[in-house]
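Data first, discussion second: the structure below is written as structure tokens.
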Amino acid sequence: MAAPCGRGGGTLTLVLVALSAAFLTYNVLVSFRPSLQPLPSSFPAATADSSPRRFGAKRRAFHTAVTSSGNAYNTWQCRVMYHWFKEARRAPGGREMGGFTRVLHSGKPDEFVDEIPTFVADPLPDGDQGYIVLNRPWAFVQWLQKADIKEDYILMAEPDHIIVKPIPNLSRDGQAAAFHFFYIEPKKYENVLRKFFPEDKGAITKIDPIGNSPVIIEKESLGRIAPTWMNVSIAMKKDPDADKSFGWVLEMYAYAVASALHGVGNILHKDFMIQPPWDLEVGDAFIIHYTYGCDYDMTGKSTYGKIGEWRFDKRSYEDKPPPRNLPLPPNGVPQSVVTLVKMVNEATDNIPNWDSYAAS
């Protein structure tokens, strides 16, 4: 844990002055407007992937957006995620699920732009400083400014999300809907966060324990938040205390701060998603987030922290996709893990050219 930092230079004014240079660097207007602009020739237009009938009836439709770096690791996850998105949207209860976009921040289209509706965003001009998700908020800024997004709400999701049932629009009364992450602890890091959220903005509890995903939010609100999220992320990465304190979840803290700075509250939904192996049952969840490795011996006992006789860990497939027909867990493994592996297998069995891609 980083030592508490001093408050010198920790006012919002100084932060915004420092961050304004970033706006100019990345050609983002400080007074960001969510009005739509034509895509420049360097950005292929994203397809809406929505049938006309879905926009004929009155409903609070949301557009699902997933950011990706375009490497093999992110790409196979996006293919699985998009398969289950389509299944959920066509199922009863999927009426509010509108279009889908993979926001690809590699700066160039890949071979899957015809399979997955894709918007190509530029990576950060100065690089990601070894923290690849630093490109995520900048990619959202570009997408929101340039793409023709028909829906009034956005669901920010991630490649390693599997949608297990149709998702309704959980946001209400100007508040976003978000998942409560137990490891996002604003109170614990108050001294660091006050550099970016000074006392005159209110209690530190105004910063919700969330990341940017999963979040369902009004498009207009996200349009205001995204440039601040980008700049706070960059400022935190350049701040030694914040970088040391927040590590891999730094941009999650940056999103929570940006949301609070713009006065956008969040309704916390504990059943928004589950995270195996810690969550044992799917229950009422909408999403399985497979961020943790699942390791077990052949009696079904967890060996977390040690490679098991049976395992499923997305990190085992960083350079190439998993094969079709992964072996199912042994008896005794929690239902959440069994469901996860079965859904991965069903997706890969139904996605065309999965084997040929895996062999390439």
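Bear in mind the structure is a predicted one, so any value in this text is a computation, not a measurement.
For D208, the salt bridge (charged side-chain N to carboxylate O under 4.0 Å, His left out) test picks out no residue, with sequence neighbours left out. For R136, the salt bridge (charged side-chain N to carboxylate O under 4.0 Å, His left out) test picks out E158, E251, with sequence neighbours left out.
With contacts defined as side-chain heavy-atom distances shorter than 4.5 Å, the pair M236/D243 does not qualify. Put simply, the side chain of L144 reaches to within 4.5 Å of the side chain of I149, judged on heavy atoms. Between Y73 and R315, the closest side-chain pair of non-hydrogen atoms falls below 4.5 Å. Looking at heavy atoms from C-beta onward, Q275 lies in side-chain contact with F181 at the 4.5 angstrom threshold. For the pair T67 and R102, the minimum side-chain heavy-atom distance is 4.5 Å or more.
Separation of the W143 and H63 ring centroids falls under the 6.0 Å cut-off. Ring to ring, Y253 and Y255 are not that close: their centroids are 6.0 angstrom or more apart.
Both V337 and M298 belong to a common hydrophobic cluster when Ile, Leu, Val, Met, Phe, Trp and Tyr are linked at side-chain heavy-atom distances under 4.5 angstrom. A continuous path of hydrophobic side-chain contacts links I287 to Y292 [ILVMFWY only; heavy atoms under 4.5 Å].
Checked by atom type, the side-chain pair D122/H105 shows no donor-acceptor distance below 3.5 Å.
For residues 336-351, no residue pair satisfies the salt bridge (Lys or Arg N to Asp or Glu O under 4.0 Å) rule, not counting sequence neighbours.
Across every non-hydrogen atom of K187 and I204, the tightest pair is CD-CG2, 3.8 Å.
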